Q: 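Please see the structure below; I have some questions.
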Protein chains: 2
Amino acid sequence: MVKLRLLLVEDDLILKDGLERAFTKSGYAVDVMSDGDSANKLLTYQEYDVIVLDLGLPKLDGFEVLKRLRARGSKTPVLILTALEDTRNRVKGLDLGADDYLAKPFELDELEARVRALIRRGVSGGSAKISFGDLVFDTSNRQCSFKNVTLSLSQREVALLELLMLKATKVVSKAKILEHLCSWDEEMSENAVEVNVSRLRKKLNIFGIEIRTIRGLGYLLAKLEPVD
Amino acid sequence: MVKLRLLLVEDDLILKDGLERAFTKSGYAVDVMSDGDSANKLLTYQEYDVIVLDLGLPKLDGFEVLKRLRARGSKTPVLILTALEDTRNRVKGLDLGADDYLAKPFELDELEARVRALIRRGVSGGSAKISFGDLVFDTSNRQCSFKNVTLSLSQREVALLELLMLKATKVVSKAKILEHLCSWDEEMSENAVEVNVSRLRKKLNIFGIEIRTIRGLGYLLAKLEPVD
DNA sequence: TTCATGCTGTCAGCTTAATGTCAGCTTGCT
DNA sequence: AGCAAGCTGACATTAAGCTGACAGCATGAA
């Protein structure tokens, strides 16, 4: 079993350390760079299977590293990390050829799930996908389809579905959803979550996918089974 | 036999002392911190096999300590202690990546059983589970399943079952159950316990699990055996 | 600009599930 | 038998969650 090579570009000391340890533990061969310039230089001669790239970097920011990497023709999957829950940055990153995007603070689970998805993508070609049965979520263009039929979902619905799919079959609490849907400055009621769940649920039910309510705990994604 | 390293973060003097002594006696290598900030710092460079974390801490609360620990990528199992029987806190804690949760006041037995479960989990991977025959209780999402069939239980039923499983095959008194089911401000009759037992019993019988009544003493969990 | 369109949060009223109490019954012990 | 302990169906009361309707806002076309 050959280890997968992962490059982590992150300047925050503690985060860098933690992530390095975590990825190493998960069986990746991890290299770490803490500024954009060295990362960029390293990438001119070293190939990786996946790159986790912070945007706020000293010397050369993440956007620039990514841009130059793509300019050199590399197709290595890149996952962007950023301190800001900012749609503009997400869009800019994806435009520059990032394959996925994660806003801090994030959870390790989530990051690892996404990295796995990116690598799977790398193997199969195409873009990074998370699937749940016949439901497929493409992280690079943030679209979701069921048996090749693209669902028409709003941003909120996409974000919600993404979270549910990442945690598939695990309970996701309203608080968690709230946190995932809105950034830290904006406020939102729990009822808003209910409303969004309701809207998404209606669309998913058509395809036999159920958002199950676990009273007092949250929601989880499940295949709709014939009730006995 | 190498000792397991346990970090106890608790500010209450008496409790801290008692727990430290108890865990030491049980063969753990125990370190104790009494505020969130020092615990957080310690955790940046020291690994533990399990962490018992109080939520109400000076300087940096337990949630924050946990959040930072997870953000650094640590997967060390964490058991949260809190003064409040508060569902919101429980949910929040589990969202932040706690593996189990215990409301004060608790019994030492119970705490130790849970810590053991967490450590067992650490070895086997996955989340902390308590099992009883084919019945498995997942403490991290508070769901119970029998041979992979998830049981549909209310919160009260879950709490009751959890207690019975922890003490499996030992008699649990009504008073104890009462204490475990409701927090200290709310009152509840013994009959309520009987009702809850009755409801849970009905659901468990389907799976051949019996809640046996020990007249005058309490209840215990048992496999339903053909009566002789 | 102005209007239309779609997204999304809030609200209100409704539906459903959870759960304690009670009453009357059953069980088991002496 | 007679008593105490325990059981459980029925009911009432909350609490949680759902959803249609509406309004504010952004976007884009006329």
Side-chain angles (χ1 to χ4, degrees), chain A residues 85-88 91 142-144 151-164 171-183 185-206 210-220 227, chain B residues 85-88 90-91 142-144 150-164 171-183 185-206 210-220 227:
Chain A
E85 163 60 284
D86 181 1
T87 309
R88 275 180 301 282
V91 172
R142 307 191 61 69
Q143 286 205 311
C144 189
L151 308 193
S152 153
L153 301 175
S154 72
Q155 299 248 79
R156 277 288 196 260
E157 286 162 347
V158 164
L160 174 56
L161 181 55
E162 179 187 25
L163 181 60
L164 290 172
V171 179
V172 186
S173 75
K174 277 190 221 180
K176 174 96 195 213
I177 294 174
L178 219 67
E179 193 178 278
H180 189 258
L181 290 197
C182 48
S183 47
D185 46 339
E186 46 181 348
E187 202 77 5
M188 197 166 131
S189 73
E190 294 226 326
N191 180 256
V193 173
E194 290 162 15
V195 172
N196 279 295
V197 167
S198 170
R199 300 206 247 248
L200 178 59
R201 182 177 267 159
K202 204 182 291 176
K203 295 186 182 176
L204 292 184
N205 271 341
I206 301 168
E210 182 195 7
I211 299 178
R212 201 169 295 165
T213 302
I214 310 297
R215 230 165 207 261
L217 288 181
Y219 300 93
L220 64 78
V227 191
Chain B
E85 164 61 283
D86 181 1
T87 307
R88 274 180 299 282
R90 168 179 286 169
V91 171
R142 306 193 61 69
Q143 288 202 308
C144 190
T150 301
L151 308 194
S152 155
L153 301 175
S154 73
Q155 303 234 63
R156 277 284 197 266
E157 287 162 347
V158 164
L160 174 57
L161 181 54
E162 180 186 24
L163 182 59
L164 290 172
V171 179
V172 186
S173 75
K174 276 190 220 178
K176 172 95 196 216
I177 294 174
L178 218 69
E179 191 179 278
H180 189 258
L181 289 198
C182 49
S183 48
D185 45 339
E186 45 181 350
E187 202 78 4
M188 197 166 130
S189 72
E190 292 229 326
N191 179 255
V193 173
E194 290 162 14
V195 172
N196 278 295
V197 167
S198 169
R199 299 205 248 248
L200 178 60
R201 183 177 268 159
K202 203 183 291 177
K203 294 186 182 176
L204 293 184
N205 272 340
I206 300 167
E210 182 195 7
I211 298 178
R212 202 169 293 165
T213 302
I214 312 297
R215 220 162 210 264
L217 289 178
Y219 301 93
L220 67 77
V227 191

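Here the structure is a predicted model, which is why all the values come from computation and not from measurement. Naming: A, B, ... by sequence-line order, numbering from 1 per chain.
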Q: CD of A:Glu190 versus P of C:dT10: gap in Å, rounded?
A: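 Rounded to the whole Å, the gap is 12 Å.
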
Q: Please report the distance, rounded to the nearest Å, between CD1 in B:Ile214 and P in C:dT27.
A: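 Those two atoms, CD1 and P, are 17 Å apart.
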
Q: Nearest-Å distance, CG (B:Leu204) to P (D:dT8)?
A: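 After rounding, the gap between these two atoms is 13 Å.
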
Q: Distance check: side-chain N/O of B:Thr213 vs OP1/OP2 of D:dA5, anything under 4.0 Å?
A: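 For D:dA5, neither OP1 nor OP2 has a side-chain N or O of B:Thr213 closer than 4.0 Å.
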
Q: Please enumerate all protein N or O atoms sitting under 3.5 Å from an N or O of nucleotides 24-29 of chain D, with distances to 0.1 Å.
A:
none

Q: Between A:Arg215 (side chain only) and B:Ser154 (backbone N and O only), is there a donor and an acceptor less than 3.5 Å apart?
A: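 No, because the side chain of A:Arg215 does not come within donor-acceptor range (under 3.5 Å) of the backbone of B:Ser154.
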
Q: D:dA16 phosphate, OP1 or OP2: any side-chain N/O from A:Tyr219 under 4.0 angstrom?
A: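 Result: no.
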
Q: Run the side-chain contact (heavy atoms from CB on, under 4.5 Å) test against A:Lys203 and tell me which residues pass, sequence neighbours left out.
A: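 With sequence neighbours excluded, A:Lys203 shows a side-chain contact (heavy atoms from CB on, under 4.5 Å) to A:Leu153, A:Glu157, given in chain and number order.
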
Q: How many whole angstroms separate atom CD of A:Glu210 from atom C1' of D:dG17?
A: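 Going from CD in A:Glu210 over to C1' in D:dG17 covers 15 Å.
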
Q: Just how far, in rounded Å, is P of D:dG17 from CZ of A:Arg201?
A: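 One finds 11 Å between P of D:dG17 and CZ of A:Arg201, rounded.
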
Q: Under the side-chain hydrogen bond (donor to acceptor under 3.5 Å, both in side chains) test, which residues partner A:Glu194, sequence neighbours left out?
A: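 Here the qualifying residues are A:Lys174, A:Asn191.
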
Q: Tell me the interatomic distance from B:Glu194, atom CD, to C:dG24, atom P, rounded to whole angstroms.
A: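 Answer to the nearest Å: 17 Å.
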
Q: Can a side chain N or O of A:Ser198 be found less than 4.0 Å away from OP1 or OP2 on D:dG17?
A: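 Checking A:Ser198 against D:dG17: no side-chain N or O falls below 4.0 Å of OP1 or OP2.
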
Q: Measure the distance from CG on B:Asn191 to P on D:dA4 and round it to the nearest whole Å.
A: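 So the two atoms are 17 Å apart, to the nearest Å.
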
Q: What are the two closest heavy atoms between B:Met188 and B:Leu181, and how far apart are they?
A: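 Taking every non-hydrogen atom into account, CE-CD1, 4.0 Å.
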
Q: Let me have a per-nucleotide readout for nucleotides 14-19 of chain C, 5' to 3', with B, S or -, counting only protein heavy atoms under 4.0 Å.
A: --BSSB

Q: If the cut-off is 4.0 Å, is B:Lys202 near the phosphate of D:dG9, judged by side-chain N/O to OP1 or OP2?
A: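 Yes, because at least one side-chain N or O of B:Lys202 sits under 4.0 Å from OP1 or OP2 of D:dG9.
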
Q: Ignoring hydrogens, what is the shortest heavy-atom contact between A:Cys144 and A:Leu161? Give both atom names and the distance.
A: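 Heavy atoms only, the tightest pair is SG-CD2, 3.4 Å.
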
Q: Tell me, please, which residues at least two apart from A:Arg201 pass salt bridge (charged side-chain N to carboxylate O under 4.0 Å, His left out).
A: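 A:Arg201 satisfies salt bridge (charged side-chain N to carboxylate O under 4.0 Å, His left out) with no residue once adjacent residues are dropped.
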
Q: Provide, to the nearest angstrom, the distance between the CG atom belonging to A:Asn205 and the C1' atom belonging to D:dC18.
A: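 It is 13 Å, rounded to the nearest whole Å.
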
Q: Between A:Glu210 and A:Asn205, which heavy-atom pair has the shortest distance, and what is it?
A: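 Residues A:Glu210 and A:Asn205, closest heavy atoms: CA-OD1, 4.1 Å.
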
Q: How far apart are the closest heavy atoms of A:Tyr219 and A:Val193, and which atoms are they?
A: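 Distance-wise, the nearest heavy atoms are CE1-CG1, 4.3 Å.
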
Q: With sugar-phosphate meaning primed atoms plus P, OP1 and OP2, does A:Val197 contact a base, only sugar-phosphate, or nothing at under 4.0 Å between heavy atoms?
A: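 Nothing, no nucleic acid heavy atom in range.
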
Q: Side chains of B:Arg199 and B:Leu160, heavy atoms from C-beta outward: is any pair under 4.5 Å?
A: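 No - every pair of side-chain heavy atoms lies 4.5 Å or more apart.
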
Q: Could you tell me whether the phosphate oxygens of C:dG20, OP1 or OP2, come under 4.0 Å of any side-chain nitrogen or oxygen in B:Ser189?
A: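 Indeed not, no polar side-chain atom of B:Ser189 lies that close.
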
